[in-house]
Amino acid sequence: MGLIPETTIQEVRDRADILGLIGRYVELKQAGQSWKGLCPFHDEKTPSFNVNPGRQAYYCFGCQAKGDAIRFLVDCENLTFPEAVRTLAAELGIEISETDSSERSDNEKVYAALEVAQGFYREALRSASGQAAREYLERRGLEEEIIDRFQIGYAPDAWDSLVSALERAGIPSEVGMASGLLNERNSGGHYDRLRNRVIFPIHDVRGRVIAFGGRALGADQEPKYLNTPESSVYHKRRTFYGFPHALEPIRRAGRAIVCEGYFDAIALARAGMGEAVATCGTALTADHARDLSRRTSSIGLLFDGDSAGQKAMERALEILLPAGLRVRGVILPDGMDPDDYLAKEGPEALQALVARAPDALERVMRKAASEGRSTPAEKADIVRRVAPLVAAISDPVERSEYVRRLALEADADPVAVESVVRAAVRGQSARANPGVSRPGEQPRREEKALAVDLPGAEMRHLRQLALIVSRHPEIVTDGQSEEMHEVLPDCALKQLLFVFTDAGADGDVDGEGRVDLPAIEGKLSPELAALAYQVIVDEDLYPRKVPAEEVIAQIVSKFVLKNLDAEQKMIKRRLNDPDEDQVRALEELQALLVRRRAQGANMIDTST
């Protein structure tokens, strides 16, 4: 038999009666917006198996079984995936027209379309219409040799210029859509996704174009940066911009430099550091870390010198240290990016800044200690903040040395610090090995593997945010996204929330605009996928009395207030310290109180 078309599989998912299907095997009772019953996949006495017919999904809080109607039939009847699809299709009266075309040939069509687009963008940059783009690149200091090396192009300010180029090349519009190059018009036909933008081609390690990033040229054009969405050949969680160019320099230099943007990586290459790469609109992932660790053991992280840059460095260390990578933190002066620093100080100065970069984990220790270590509580805060990063280091000798240094920075008892780090190591081992249920064993609950030390109300608010965004992934504004990154506590629910917003941006939504969980499940870790199903089956948390936009704003405001309260306590401690600058501390307190009053105004009830 041939392959079942993806459109047919999606139709089966959309039309299947998941409640009726599972009801054949499980006695289900309604519980709010969901239905509950005893799990068919493990023995239990208290129902923990939840079905949400509106989201066509099920999840067991006992054994973490999860999925849609097709997955249920696969697991319950021991069918193959195609057999389950055909079984449901027959019940639904859906005709399956199968094809012999393979995924490989489909991918080759996508690669061909991307190559045509790359040639088109390059030619457009050289044409008369590309003059503004050429002038912009010149202002950014990019010489022709660099433009050619990175194959930078230009997307004309027109709706269908690439559409026409693909047609001339014999590329069907469906392939253009699958490649992320085109969008579909509501009135029929297609239009160019990227318009009036400087174009940065993104390559895989074999040098094939797999996606494009575009930098807006118009003053009012939003967003400033826009990527083509993920596709069958482009997965941003394991893609670096500039990787093919950087492979040989990484080998020669014995290190890789990871930065945040296309221009950052190019600026470092212009300064003679070709080992620089950039993430593609996403935070560092475990896939990135594994890819880097196969090529080098030394990483330089280049981030802004503000508080957001400090937090980004700490998040990156959470990913890189468990992969056995040794990390240095390159911090630019406030308000400067590599372009600015290169233009002002020259390539030798930028090279020296990178070469002198201190150990990133020690930088985090010093930053934490600089916020106060005079009281027992402050010392404990420092150790609790840094201990998970120290625990992520697998080499026992290195970890022991960092324990000693953390004790010195916190001015704390080394034995006590060692105890905290050991507890963190045990916790990380449990999260990394969530286990599976065995006959006679009590199944592990996913909540335990993903637990964070947060009050119940905060966990409820984070779940509510994730549920709202799963239903309306476009609802979060850019400003709210930045604020959420800043104020929400780091945990799996926060990570999931941004997975949902990314899914919306990438078009991974169902016919009602909700996050299409089966479409993104393969991109998630098993733990995060399980948490996603947990969130979407619990519809009772969705707000009914208050508009979702207001609930998001108010929940974020609650977390902002919590952070401001913590900052206020720190300033008050400084006011009680005769060695501190009292005038400056008082000014900071007054400014903080103004911000607090603004956040606290017009608070509403976010309950359902």
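Among all heavy-atom pairs drawn from G513 and P473, the shortest one is O-CD, 3.2 Å. Across every non-hydrogen atom of A289 and L320, the tightest pair is CB-CD2, 4.0 Å. When all heavy atoms are compared, the tightest approach of V233 to L114 is CG2-CD1, 4.1 Å. Contact detail for A503 and I520: the closest heavy-atom pair is CB-CG2, 4.0 Å. The minimum heavy-atom distance linking A69 with I18 is given by the pair N-CD1, 3.8 Å. Across all their heavy atoms, V74 and A84 have their closest contact at CG2-CB, 3.6 Å.
A distance of 8.5 Å separates CG of L467 from CZ of F500, quoted to the nearest 0.5 Å. Here the straight-line distance linking atom NZ of K66 with atom CZ of F49 works out to 12.0 Å at 0.5 Å rounding. Separation of atoms CD (E6) and CD (E11) is listed at 12.0 Å; rounding is to 0.5 Å. Rounding to the nearest 0.5 Å places CG of L19 at 9.5 Å from CD of Q56. Atoms CD1 and OG1, from I552 and T477 in turn, are 8.5 Å apart once rounded to the nearest 0.5 Å. L496 contributes atom CG, which lies 10.5 Å from atom CG of L462 (distance to the nearest 0.5 angstrom).
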Evaluate the side-chain contact (heavy atoms from CB on, under 4.5 Å) criterion for residues H235 and R238: first the C-alpha distance (whole Å), next the side-chain angles of each, then the deciding distance (0.1 Å), finally the verdict. CA-CA 6 Å; H235 308 283; R238 57 173 181 256; 2.9 Å; yes
Mind running side-chain contact (heavy atoms from CB on, under 4.5 Å) on Q33 and Y542 for me, showing each step along the way? CA-CA 10 Å; Q33 300 296 312; Y542 190 82; over 6 Å; no
Tell me, with the steps shown, if R326 and E398 meet salt bridge (Lys or Arg N to Asp or Glu O under 4.0 Å). CA-CA 10 Å; R326 293 164 179 167; E398 287 188 48; 2.7 Å; yes
Apply side-chain contact (heavy atoms from CB on, under 4.5 Å) to I536 and R514, showing your working. CA-CA 10 Å; I536 70 167; R514 303 171 303 192; over 6 Å; no
Take S232 and V110 through the side-chain contact (heavy atoms from CB on, under 4.5 Å) test and state the conclusion after the steps. CA-CA 8 Å; S232 60; V110 169; 4.1 Å; yes
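Between K523 and E230, at least one side-chain nitrogen of the basic residue sits less than 4.0 Å from a carboxylate oxygen of the acidic one, meeting the salt-bridge criterion. Ion pairing of E458 with K562 is present here, as a side-chain N (NZ or NE/NH1/NH2) and a carboxylate O approach within less than 4.0 Å. At a threshold of 4.0 Å, the pair E521-R71 counts as salt-bridged, since one of the basic side-chain nitrogens sits closer than that to a carboxylate oxygen. Classification of D381 and R385 as a salt-bridged pair fails, no side-chain N sitting under 4.0 Å from a carboxylate O.
Formation of a donor-acceptor pair under 3.5 Å by the S179 side chain with backbone atoms of V175 is found in this model. D75 contributes no side-chain N or O that, together with a main-chain N or O of L73, makes up a donor-acceptor pair within less than 3.5 Å. For E482 (side chain) and M484 (main-chain N/O), no donor-acceptor pair under 3.5 Å exists by modelled atom type. Side-chain N or O atoms of H461 include one that pairs as donor or acceptor with a backbone N or O of A457 at under 3.5 Å. Between the side chain of S557 and the main chain of Q554, no donor-acceptor pair closer than 3.5 Å is present. At least one donor-acceptor pair under 3.5 Å links the side chain of Q464 to the backbone N or O of L541.
At a threshold of 4.5 Å between non-hydrogen side-chain atoms, the residues E483 and F559 do not count as touching. The shortest distance between side-chain heavy atoms of L493 and V535 falls below 4.5 Å. In this structure, D538 and S34 have side chains that are not in contact, with every pair of non-hydrogen atoms separated by 4.5 Å or more. With a 4.5 Å cut-off on side-chain heavy atoms, M365 and V390 count as touching. Counting heavy atoms from C-beta on, the side chains of N227 and Y234 come closer than 4.5 Å. At a threshold of 4.5 Å between non-hydrogen side-chain atoms, the residues L182 and R193 do not count as touching. With a 4.5 Å cut-off on side-chain heavy atoms, V515 and D508 do not count as touching. Looking at L488 and L497, their side chains come closer than 4.5 Å, going by heavy atoms from C-beta outward.
In K494, the NZ atom is crowded: over 12 heavy atoms of neighbouring residues, nucleotides or ligands sit closer than 6.0 Å. The local environment of CD in E27 is sparse, with at most 12 non-hydrogen atoms from other residues, nucleotides or ligands closer than 6.0 Å.
Using modelled atom types, one finds a donor on one side chain and an acceptor on the other under 3.5 Å when comparing R55 with S470. When only modelled atom types and interatomic distance are considered, D14 and Q10 share a side-chain donor-acceptor pair under 3.5 Å.
Screening T279, D287, T285, T282 for a side-chain hydrogen bond (donor to acceptor under 3.5 Å, both in side chains) with R237, the sole residue that qualifies is D287.
Less than 6.0 angstrom separates the ring centroid of F72 from the ring centroid of Y58. When ring centroids are compared, Y241 and H203 stay outside the 6.0 Å threshold. Taking the six-membered ring wherever Trp is involved, the centroid distance between the rings of F240 and H288 falls below 6.0 Å.
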